[in-house]
Amino acid sequence: MHGGGDGALVALDLETQTVVGGLRFAGKDGPGENEIASISPNGRYLLTSGQYDDLYGTSFGSSKLQLYAYDLLDLRHSNRQLAYVHGGHFDVGENDAGQQVIVAIGYNPLAGWAGRTTTGGETAGIFAYNLDTQQMTHITGTALWDNRGMPAGHMSMPLDGRGVAVLSSYQGGHPDSNPIAQNNAIIAIDVDTNEVAWLGWDEGDNTGLEPAGGTSGYYAQPHVSLVQSAQYADGSTGWKWAWGSDNRSTGSAADFYVGELICN
């Protein structure tokens with residue numbers, strides 16, 4: 001998506017193996033531009049997060065990644081939604097009504113969001129942005145992490161299901177010292193009710209930088225993915241989810257795990 005020069009965002013139809021659209025990003029701020037890209041489940045919106053002050057003439061600052069949504073029905077730079085400012089990782093899925101919803105971690109203003117401004121103070125936490133209604137919702141703040149700073153982690157939403165997101169957070173202490181502010185906590189988010197449920201922790205050794213030949217640090221982060229919806233024998237439904245963990249065995253290989261999230 002990016003290199004030493006201009007970057008591009010390309011939409012590829014996987015069934016026909018043909019390019020169905022794209023945007024060229026000239027005038028890049030640097031390697032941070034086009035950091036993450038995704039597409040909405042209904043195939044309408046291209047999403048990308050990066051530093052776009054040089055490209056769009058904004059002044060959010062290089063430390064504040066902006067998340068834009070581009071409509072494939074009218075794919076132009078001028079036809080874009082600013083979905084998030086000063087955000088981190090995100091994913092896009094659907095709520096129960098089938099609307100396209102982004103769930104992201106980061107900072108955002110609660111007041112004045114309709115004006116897409118970062119003035120008036122910023123609030124940290126988890127946010128949902130509805131691409132169809134262009135409404136922002138604050139799901140939870142930093143209390144879930146014992147108010148120990150901005151949560152960090154990775155977000156996953158299912159491609160074939162609705163109404164849920166899973167955050168694998170590597171912010172906070174070990175569960176022995178704090179039952180909520182986990183190191184590598186795994187948290188489920190109900191996109192429709194904005195409720196959160198702590199699923200547990202992966203016991204990964206994410207205590208610092210990656211040592212030579214080891215698996216702790218960055219590579220011990222679980223990176224949970226909701227891989228598919230599931231129907232269970234008792235009639236309940238839910239999702240399969242997968243992640244990697246070294247299970248706090250510093251220096252040993254990380255293992256692959258699959259879990260089940262049962263919703264009713």
Side-chain angles (χ1 to χ4, degrees), residues 1-95 97-108 113-118 127-136 153-162 165 191 223 225-228:
M1 292 196 312
H2 64 74
D6 298 340
L9 185 65
V10 177
L12 175 68
D13 188 317
L14 294 179
E15 293 185 355
T16 63
Q17 292 292 297
T18 57
V19 175
V20 295
L23 289 169
R24 180 176 173 234
F25 289 83
K28 290 160 45 62
D29 290 304
E33 193 146 10
N34 286 4
E35 184 191 44
I36 305 172
S38 187
I39 191 166
S40 62
N42 65 359
R44 178 168 179 178
Y45 298 100
L46 282 173
L47 306 164
T48 182
S49 175
Q51 301 166 3
Y52 299 107
D53 283 352
D54 287 352
L55 180 66
Y56 291 130
T58 54
S59 56
F60 294 112
S62 60
S63 65
K64 297 182 179 181
L65 297 180
Q66 301 125 54
L67 171 58
Y68 285 103
Y70 303 88
D71 193 334
L72 273 170
L73 299 179
D74 185 10
L75 193 57
R76 295 174 293 137
H77 280 286
S78 59
N79 185 37
R80 66 185 189 275
Q81 291 186 44
L82 176 57
Y84 207 88
V85 172
H86 207 174
H89 293 101
F90 72 91
D91 203 357
V92 57
E94 294 182 337
N95 61 15
Q99 296 172 322
Q100 310 302 288
V101 177
I102 297 167
V103 181
I105 315 164
Y107 297 84
N108 249 313
W113 175 249
R116 306 301 197 268
T117 177
T118 59
F127 294 80
Y129 179 79
N130 189 312
L131 285 164
D132 297 327
T133 65
Q134 299 187 28
Q135 296 295 311
M136 174 69 74
H154 299 271
M155 194 71 65
S156 179
M157 301 180 74
L159 291 174
D160 63 346
R162 293 179 173 180
V191 176
H223 292 244
S225 293
L226 284 165
V227 290
Q228 66 177 49

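Residue indices begin at 1 and follow the sequence shown.
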Please assess L131 against L47 for the test side chain to side chain contact (heavy atoms under 4.5 Å, CB included), listing each intermediate value before the final yes or no.
CA-CA 11 Å; L131 285 164; L47 306 164; 4.2 Å; yes
Of all residues at least two apart in sequence or in a different chain, which pass the side-chain hydrogen bond (donor to acceptor under 3.5 Å, both in side chains) check with R162?
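Checked R162 against side-chain hydrogen bond (donor to acceptor under 3.5 Å, both in side chains); matches are E94.
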Minimum heavy-atom distance [X]-[Y], with the two atoms named:
X	Y	value
A83	I102	CB-CD1, 3.9 Å
L72	G43	CD1-O, 3.0 Å
V101	A128	CG1-CB, 4.0 Å
L9	A37	CD1-CB, 3.6 Å
G93	P41	CA-CG, 3.7 Å

Derivation of the ring-ring contact (aromatic ring centres under 6.0 Å, His included) call for Y84 and F90:
CA-CA 10 Å; Y84 207 88; F90 72 91; 8.7 Å; no
Among D132, N42, N130, find the residue that satisfies the side chain to side chain donor-acceptor pair (under 3.5 Å) test when tested with Q99.
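Exactly one option meets the side chain to side chain donor-acceptor pair (under 3.5 Å) with Q99, and it is N130.
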Are L23 and Y70 close enough that some pair of their side-chain heavy atoms sits under 4.5 Å apart?
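Heavy-atom side-chain distance check passes, below 4.5 Å.
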Compare all side-chain heavy atoms of L226 with those of D91 and state whether any distance is below 4.5 angstrom.
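A side-chain contact is absent here, since even the closest heavy-atom pair is not under 4.5 Å.
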Rounded to the nearest 0.5 Å, what separation is found between the [atom1] atom of [X] and the [atom2] atom of [Y]?
X	Y	atom1	atom2	value
S38	M155	OG	CE	12.5 Å
R76	D71	CZ	CG	10.0 Å
R80	L75	CZ	CG	12.5 Å

Please find out if less than 6.0 Å separates the ring center of Y68 from that of Y52.
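Yes, the ring centres sit under 6.0 Å apart.
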Any donor-acceptor pair under 3.5 Å linking the side chain of H77 with the backbone of R24?
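Confirmed, H77 side chain pairs with R24 backbone.
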Can a side-chain donor-acceptor contact be found between Q81 and Y129 if the only test is distance below 3.5 angstrom?
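Yes, side-chain donor-acceptor contact under 3.5 Å.
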